[in-house]
> 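Attaching a single structure in structure tokens format; questions to follow.
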Amino acid sequence: MSEKNNSNNSNDRSSFSGKLGFVLAAAGSAVGLGNLWRFPYCVAQYGGGMFLLLYVILAVTFGFSLMVAEIAIGRKTRLSAIVAFDKLKPEYSFIGVLASLVPIIITPYYAVIGGWVLKFLWSYITLPASAVAATNENGMTLFSELISSPTEPIVWFLFFLGITIFIIAIGVEKGIEKSSKVLMPILVILIAVVAIYSCTLPNAINGIKYYLIPRSKDLSVKTVLSAMTQLFYSLSLAMGIMITYGSYMKKNINIETSVWQIEIFDTAIAFWAGLAIIPAVFACGNPTNDLKAGPTLMFIILPKLFATMKAGRIVAIVFFFLVFFAALTSSISLYETCVSIIQDKFKQKRTPSIVFTFFICIIIGFLSSLGYGPLSMITFLGMQFLDLFDFLSNSVLMPIVAFFTCIFVGYVIKPKAIIDEVESSGHEFTLKKLFTVVIKYVAPILIIIILIASLLQAFGKITM
Ligand code: TRP
């Protein structure tokens with residue numbers, strides 16, 4: 001992304017080479033820990049099949065409409081989010097500012113999880129699969145020792161962050177993105193293989209049922225909220241990213257079909273990741289506890305799964321390497337986003353912006369790293385630091401940004417502005433009716449209900 005972020009001038013803006021170039025770049029940003037780490041634990045926590053069903057319904061309505069809107073805003077203005085709203089209507093520039101806060105919160109804690117992935121990669125390189133899954137005499141696993149240590153999570157976090165910054169500083173993102181075009185498809189195949197293996201284990205059938213069959217008792221405001229925020233997170237929506245991507249998209253490319261391709265690719269990967277992990281919870285774990293494990297789920301279950309496999313250690317090394325790679329490409333793109341926000345907003349040069357982003361990462365990253373261990377006694381609204389940052393960015397800021405984006409498109413610039421932009425490529429916008437209804441009515445109303453209910457719940461005013 002380097003050359004793109006260096007220029008904010010609409011005239012010398014470079015473009016993605018073609019439709020495939022755009023879809024691959026946007027999908028590369030979308031696919032990451034959100035699909036592999038966050039999606040499975042959200043499905044597990046919020047009722048399996050019902051979450052999956054809601055996720056898919058929201059993806060084809062909300063996700064679709066919001067992504068079309070963001071890409072079209074970007075292509076129309078040729079600017080990044082923080083200035084795009086300002087250019088269209090200065091009174092609404094606050095949407096760009098709020099959207100920009102999201103990656104600034106996500107980038108540091110993303111690197112913490114990236115650090116956990118590195119720790120596992122290293123463990124499988126140095127230890128047999130059984131040892132990575134083993135519990136010691138104190139009842140601790142390698143993972144529980146990691147997150148309760150006062151130093152280890154910080155070391156791995158700094159290592160992951162260091163790799164990200166190093167790549168950005170020496171400017172080889174392009175090379176990394178190129179390799180990701182080879183490595184991502186391998187990752188997809190490997191996840192599918194692991195998922196199929198996981199489904200053949202004894203008792204896995206209960207997990208498959210839990211994952212695929214919606215139960216009406218799981219339908220709640222909380223499930224809808226978590227499905228919606230997971231959708232935004234996974235598709236990198238409601239944080240200005242797709243506006244930036246759209247600003248590099250050529251005029252002759254069909255936005256509508258590009259959006260479908262990105263959505264299908266992203267959702268398919270998340271689906272396979274869920275199918276690898278949820279049945280394994282029933283086959284090798286303890287469903288009563290593990291389904292509620294939250295952010296730690298993947299790291300609890302996968303070692304147990306790999307320990308049952310014949311070539312578990314090799315599969316685990318390749319698997320964690322590819323997860324690391326997917327996380328790294330997203331982390332580079334997140335970091336770059338923060339850097340360009342600081343450059344655009346505060347008119348700073350690139351190097352001071354990289355350094356400033358680093359300091360923010362250190363503060364939020366240290367707190368997140370220690371939140372499950374030495375700082376676990378500090379909680380806000382019942383959440384440790386990592387969950388708190390995730391909650392603030394995903395469950396508070398992103399719905400607010402999404403709400404105002406809908407209002408902005410629906411009532412300020414009007415859906416027609418977006419429809420015209422989509423159709424300026426010479427393709428008809430087939431689903432423009434759906435788009436208009438979702439952006440003007442369905443999405444804002446639903447988001448506001450969900451947001452209020454979830455805030456009331458977080459502050460203990462109601463129980464759901
Ligand atoms: N969507 C990414 C994932 O699924 C995470 C992400 C959120 C992201 N915002 C982003 C990636 C911005 C790149 C840029 O992991």
Side-chain angles (χ1 to χ4, degrees), residues 1-2 4-5 23-43 55 59 63 66-67 70-71 74 80-82 98-114 116-117 160 164 167-168 173 176-177 180 184 187-188 191 226-248 259 262-274 295 298 322-341 357 361 364 389-390 392-395 397-399 401-402:
M1 297 244 315
S2 58
K4 290 179 273 163
N5 283 316
V23 171
L24 282 175
S29 147
V31 175
L33 291 172
N35 309 61
L36 308 166
W37 153 78
R38 204 173 184 284
F39 181 82
Y41 87 70
C42 288
V43 183
Y55 186 88
L66 206 60
M67 192 181 278
E70 291 198 10
I71 293 176
S80 60
I82 200 149
L98 285 179
S100 303
L101 282 175
V102 177
I104 294 178
I105 301 177
I106 292 182
T107 308
Y109 84 79
Y110 204 85
V112 173
I113 310 294
W116 294 359
V117 171
F160 186 89
T164 306
I167 291 168
I168 289 174
E173 300 94 315
I176 300 290
E177 275 170 18
S180 87
M184 285 294 213
L187 175 66
V188 178
I191 295 176
S226 46
M228 187 174 82
T229 56
Q230 172 57 24
L231 180 74
F232 293 165
Y233 187 95
S234 188
L235 292 174
S236 316
L237 292 174
M239 56 182 95
I241 281 285
M242 287 297 156
I243 299 187
T244 309
Y245 274 90
S247 71
Y248 301 103
V259 168
I262 299 166
E263 282 209 322
I264 291 170
F265 188 63
D266 190 74
T267 307
I269 297 191
F271 177 80
W272 281 112
M298 166 178 159
L322 294 169
V323 175
F324 159 68
F325 208 85
L328 185 65
T329 52
S330 287
S331 162
I332 292 170
S333 155
L334 275 162
Y335 202 98
E336 280 279 14
T337 307
C338 299
V339 171
S340 63
I341 289 167
T357 307
C361 286
I364 298 187
F389 292 127
D390 189 84
L392 287 178
S393 54
N394 298 341
S395 304
L397 277 171
M398 279 154 69
V401 172

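Here the structure is a predicted model, which means the values were calculated and not measured. Whatever order the structure lists ligands and atoms in, that order sets their numbers, starting from 1.
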> Near ligand 1, which protein residues have a heavy atom under 4.0 Å away?
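The answer is S29, A30, G32, L33, G34, N35, Y110, Y233, S234, S236, M239, I241, S330, S333, L334, counting any residue whose heavy atom sits under 4.0 Å from ligand 1.
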
> Can you list everything that forms a side-chain hydrogen bond (donor to acceptor under 3.5 Å, both in side chains) with T107? Sequence neighbours excluded, please.
none

> Do C42 and Y55 have side-chain heavy atoms sitting under 4.5 Å apart?
no

> Going by the rule side-chain hydrogen bond (donor to acceptor under 3.5 Å, both in side chains), which residues pair with S331 if we only count those two or more places apart in sequence or in a different chain?
T164

> Does any part of the side chain of M398, heavy atoms only, come nearer than 4.5 Å to the side chain of T229, both counted from C-beta?
no

> Is there a side-chain contact between P108 and F389, using heavy atoms and a 4.5 Å cut-off?
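No, too far: nothing below the 4.5 Å cut-off.
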
> Using the side-chain hydrogen bond (donor to acceptor under 3.5 Å, both in side chains) criterion, which residues pair with S234? Sequence neighbours excluded.
D266

